[in-house]
Every structure is written in C-alpha cells, then in structure tokens.
Amino acid sequence: DHCSCFMDLRMFFLFITVTCNPHWAGITSALPAGGKWKDHPDVVSRAFMLRLKSIVNDFKVGCIFGALKAYVYRIEWQARGLPHAHMLLILEHKIMSTRQIDSIVSAEVPDPVGSPVLHALVTKHMLHPRCDVMLRAQRAGCRLKPNGEVCDCRRRFPKEMCAETSIIGDGFPKYRRRGLHVIIDTAGRILTDQWVVPYNPYLLHKYQCHINTEICTHIKSFKVR
C-alpha cells in the first residue's frame, strides 16, 4: 500500500508555507501614486511569483537544505487578497538527528541584542496571534468552528516550552522552546516562544515575510492521494 511504500522516507520531508508581504519593495515601487496593493492584484501576483522562483532556486541550485530530490507546491489566495504557497520538499538525504533539526528550524524568539534584525522579523512575521485572549478568540479563525462557536486553537497554540527538540513519532518534531528571550507586543503583553511559528532564519532574513518552515518526521503528516 501507499504507506508501506513510503515508510523508509521518514525525515526526508520539509513543509514550507510562504505568504506574500504586501510591503515588499517590488510591490510598493510598482504601485501608482496613492495606489493600494489591494487594488493591484497583478502587481502582487507578479512580485510573489518572482520571490517564489527565487525560493525554489535556493532549494534546487543553492541546496540550502542539502540535495533536493523533488518538490511540489500549490498557490492559494487568502481572503484578504494575498497569495501564499504550500511547498513540500523531498530531500536526497535523511535528517538524522535533533541537532540537524535545530540547524534548519527555530521556534524561539531571537536575541534582541545579538540578532536585532532577526528579532524584528520574527516579531513582525512569525508570531501566532494571542488567540487565548477571549476577545481575540471570538475573532480568530483558528478558534472558531463552522457554526461560530469558540473552540481550542486548531494550530495548537500556545505550544509547550521544552529545553531541547524531540522527535515524538508521527507528525512534526517538538521543537526546542527554551524561553531565553521574549517579545512585548503593542498591547504590552509578553510573548514567549510558545507563540512563535517555526521558521528558518536564513529564509526569513532573506525574504522578510511569513515563511513557516517545518520538518516532517513521517509520511502520515500529509495525505497520499
């Protein structure tokens, strides 16, 4: 069957979701005077495709995660009008240890003194909304059932803090979240690693947008059709 055919492929997969940033210079510089990105989907889609091609080139030619065996992606459009792509990368070589996972994916708030630019980028692009606050929960899509009732966060935030990364079986690893640094949001709330969406520092720094990077520890993490 499908699953047995792929059982030896565990830890060869990366999942990446990249969302268009409407403040990219390629978009803002192409808008007419006084124009808004929402009124120019042609500009937005063109800029997004150029970035997406660059990202794919990083994987295929730059081999930033090692040799790439295959990849596939799907582009969707958010309700607010921004495109995003869901990407699956199949690596040539297996990720063998939690140390390798930590070298690819971070789920921690960066040091605001030692890495101020990365800290600012995580603050801007890689934080899950504080959906544990009831007033926000009533508006957060991750905590609403189809009938409008409030439920637990479907993204399972806030995450558990942990001293080191661990592989917990099927699905995704439990990423290291040591709580070394915090972020204070505009409302004055303190945000810890529990609210950080996993990211790759290189990709986040280069593309400056929401770009979720995760390692799949088993084929069961996605459906085989």
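The residues of the chain are indexed from 1 along the displayed sequence. Just so we're clear, the structure is a prediction, and the values are computed from it rather than from any experiment.
Aromatic ring pairs are classed by plane angle as parallel below 30°, tilted from 30° to 60° and perpendicular above 60°; the pair Phe15 and Phe172 is perpendicular.
No side-chain donor-acceptor contact under 3.5 Å links Ser106 and Glu108. The closest side-chain donor-acceptor pair between Asp58 and Tyr207 falls under 3.5 angstrom.
In the hydrophobic clustering of this structure, Met49 groups with Met87; members are Ile, Leu, Val, Met, Phe, Trp, Tyr whose side-chain heavy atoms approach within less than 4.5 Å, directly or through other members. Under a hydrophobic clustering in which Ile, Leu, Val, Met, Phe, Trp and Tyr are joined whenever their side-chain heavy atoms come within less than 4.5 Å, directly or via other members, Val72 and Phe13 fall into the same cluster. A continuous path of ILVMFWY side-chain contacts below 4.5 Å connects Ile183 to Val117, so both sit in one hydrophobic cluster.
Contact record, Thr98 with Ser166: CG2-CA, 4.3 Å, taken as the closest heavy-atom pair. Shown here for Thr19 and Cys209, the closest heavy-atom pair between the two residues is O-CB, 3.3 Å.
No more than 12 heavy atoms of other residues, nucleotides or ligands shown are found within 6.0 angstrom of CD on Glu164. In the displayed structure, Asp39 atom CG is contacted under 6.0 Å by more than 12 heavy atoms of other residues, nucleotides or ligands. By the 6.0 Å contact criterion, CD on Glu160 is open, its count of non-hydrogen atoms from other residues, nucleotides or ligands being 12 or less.
Ring pair Phe59/Tyr71: centre-to-centre distance not below 6.0 Å.
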